Amino acid sequence: MTHASIIIECGKKSGLGRVRRTLTLARAFVAQGVVCDVFVTSDEGSDLVSAMGFTARPIAELGASHDLLIMDTCSFSAAEVSAICATARVSCVIDDLAERPITCDFVINPNLYALELDYSAYKAQEIFRGPSYALVDDVFFERAQPRDARCGYVVSFGGTDDGSLAAPVAAGLAAQTDEPIYVPIPAYQEPCAALLALEGDKVQILRAPDMAALLGGARTYVGAAGATVLEALAAGCQVCAAATQSDQHRNVGFLPSMGVAALDTFDALKISKLAVSQSTEGLQSASVSQGAAMSIARHVGASPA
């Protein structure tokens, strides 16, 4: 039986997007009969790991050798990633920017802009990249409601935000629309005072909600230009995104070419106005391929060790 070691960087500094996308891939490997052990850099992502059906272990418990290794990190250097990959019979690295040349067996870049990047300095057997390989759980596609059944805005600036970014955007939306405004907050965050002050009939704070159900029933996603953008598109939402971290600038540079509203800097008033004025016609789930994780798992699993 094949065992996979899965390393995920997560927490208040790096968010939870990596957890959702990497464990979507892990679930696909489990369906292939692979036993998956999940190692996290912070226990702040443990609740989401548990909610997705796995047990989070501290990275300090990572073994010295692996049948299959999957890594999704941002702060590890190219040398560190390559060294860990060298301990595995088969290694797979999720990489967003093509700025960290590594040696591994497989590279995955699930972002919409990935086809524009140059991976020539990477030493990999194969590179999966672009919307055909978006690591979005099938449940986001399955929960998508018809356009006329949708209502409300989901305002989320990721697991690093306690509402300090979401609150002024929610306030701006509340002043312009009568639709409900939902602000999801991860379990490890305590909502900031500014967000709590807005809570009421129109603005609802949701602690660790079912994001697939939430996005599947909302009209518009307003938030960070990270992994949730792909989930929102898969769920059929309109998207209005802003870069809140350096690794999101590439995304916001690409999204307008697809008719998706995006800002390169965070401006609460501007993004709330864009979200309200955005046309109901927009890029929908066809932009992101369903079943990508299973396709990758089958391909990697069939590769010679």
Side-chain angles (χ1 to χ4, degrees), residues 15-17 20 111-113 131 134 136 140 143-161 163-185 194-195 198 202-206 209 211-288:
L16 297 178
R20 291 200 298 271
N111 294 288
L112 297 168
Y113 59 78
V136 178
F140 285 91
R143 295 287 184 89
Q145 299 297 310
R147 173 66 58 184
D148 58 5
R150 293 174 174 271
C151 185
Y153 296 80
V154 174
V155 180
S156 174
F157 288 88
T160 61
D161 182 39
S164 297
L165 297 178
V169 175
L173 290 170
Q176 300 174 74
T177 179
D178 290 328
E179 291 191 48
I181 299 157
Y182 307 106
V183 184
I185 294 288
L195 182 58
L198 292 173
K202 187 178 288 189
V203 178
Q204 300 178 34
I205 301 172
L206 306 177
M211 288 297 291
L214 184 60
L215 290 169
R219 187 166 64 87
T220 305
Y221 163 75
V222 189
T228 309
V229 166
L230 292 172
E231 294 168 344
L233 290 173
C237 282
Q238 295 173 220
V239 170
C240 188
T244 57
Q245 298 187 37
S246 59
D247 60 359
Q248 295 174 3
H249 291 294
R250 176 86 58 176
N251 218 11
V252 298
F254 183 83
L255 288 172
S257 69
M258 307 168 67
V260 176
L263 298 176
D264 195 47
T265 57
F266 176 79
D267 184 316
L269 181 59
K270 187 176 291 187
I271 194 171
S272 65
K273 286 183 176 179
L274 273 175
V276 171
S277 64
Q278 189 177 12
S279 168
T280 57
E281 297 298 325
L283 195 59
Q284 302 302 319
S285 57
S287 308
V288 180

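The structure displayed is predicted, hence computed values, not measured ones. Both backbone and side-chain heavy atoms feed into the values below; hydrogens, waters and symmetry mates do not.
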When you compare the side chain of [Y] with that of [X], does any pair of heavy atoms fall below 4.5 Å?
X	Y	answer
R20	V136	no
I271	C240	yes
V169	Y153	no
T220	E179	no
L112	M258	yes

Minimum-distance pair of heavy atoms, taken over all atoms of [X] and [Y]:
X	Y	answer
A144	A234	CB-O, 4.4 Å
Y182	L206	CB-CD1, 3.9 Å
L215	F140	CD1-CE2, 3.9 Å
A218	V154	CB-CG2, 3.6 Å
D161	A166	OD2-N, 3.1 Å
V229	A224	CG2-O, 3.6 Å

Can you spot which of L214, T228, L233 makes a side chain to side chain contact (heavy atoms under 4.5 Å, CB included) with Y221?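 The single option meeting the side chain to side chain contact (heavy atoms under 4.5 Å, CB included) with Y221 is T228.
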
Would you compute the distance between atom [atom1] of [X] and atom [atom2] of [Y] and round it to the nearest 0.5 angstrom?
X	Y	atom1	atom2	result
N111	L255	CG	CG	9.5 Å
S164	L195	OG	CG	8.5 Å
N251	L230	CG	CG	7.0 Å
Q238	R150	CD	CZ	9.0 Å
L263	Q248	CG	CD	12.0 Å
K202	L173	NZ	CG	9.5 Å

For the side chain of Q145 and the backbone of R143, is there at least one donor-acceptor N/O pair under 3.5 Å apart?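 Confirmed, Q145 side chain pairs with R143 backbone.
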
K273, NZ atom: more than 12 neighbouring heavy atoms under 6.0 Å: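 No, NZ of K273 has 12 or fewer neighbouring heavy atoms, counting only those of other groups under 6.0 Å.
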
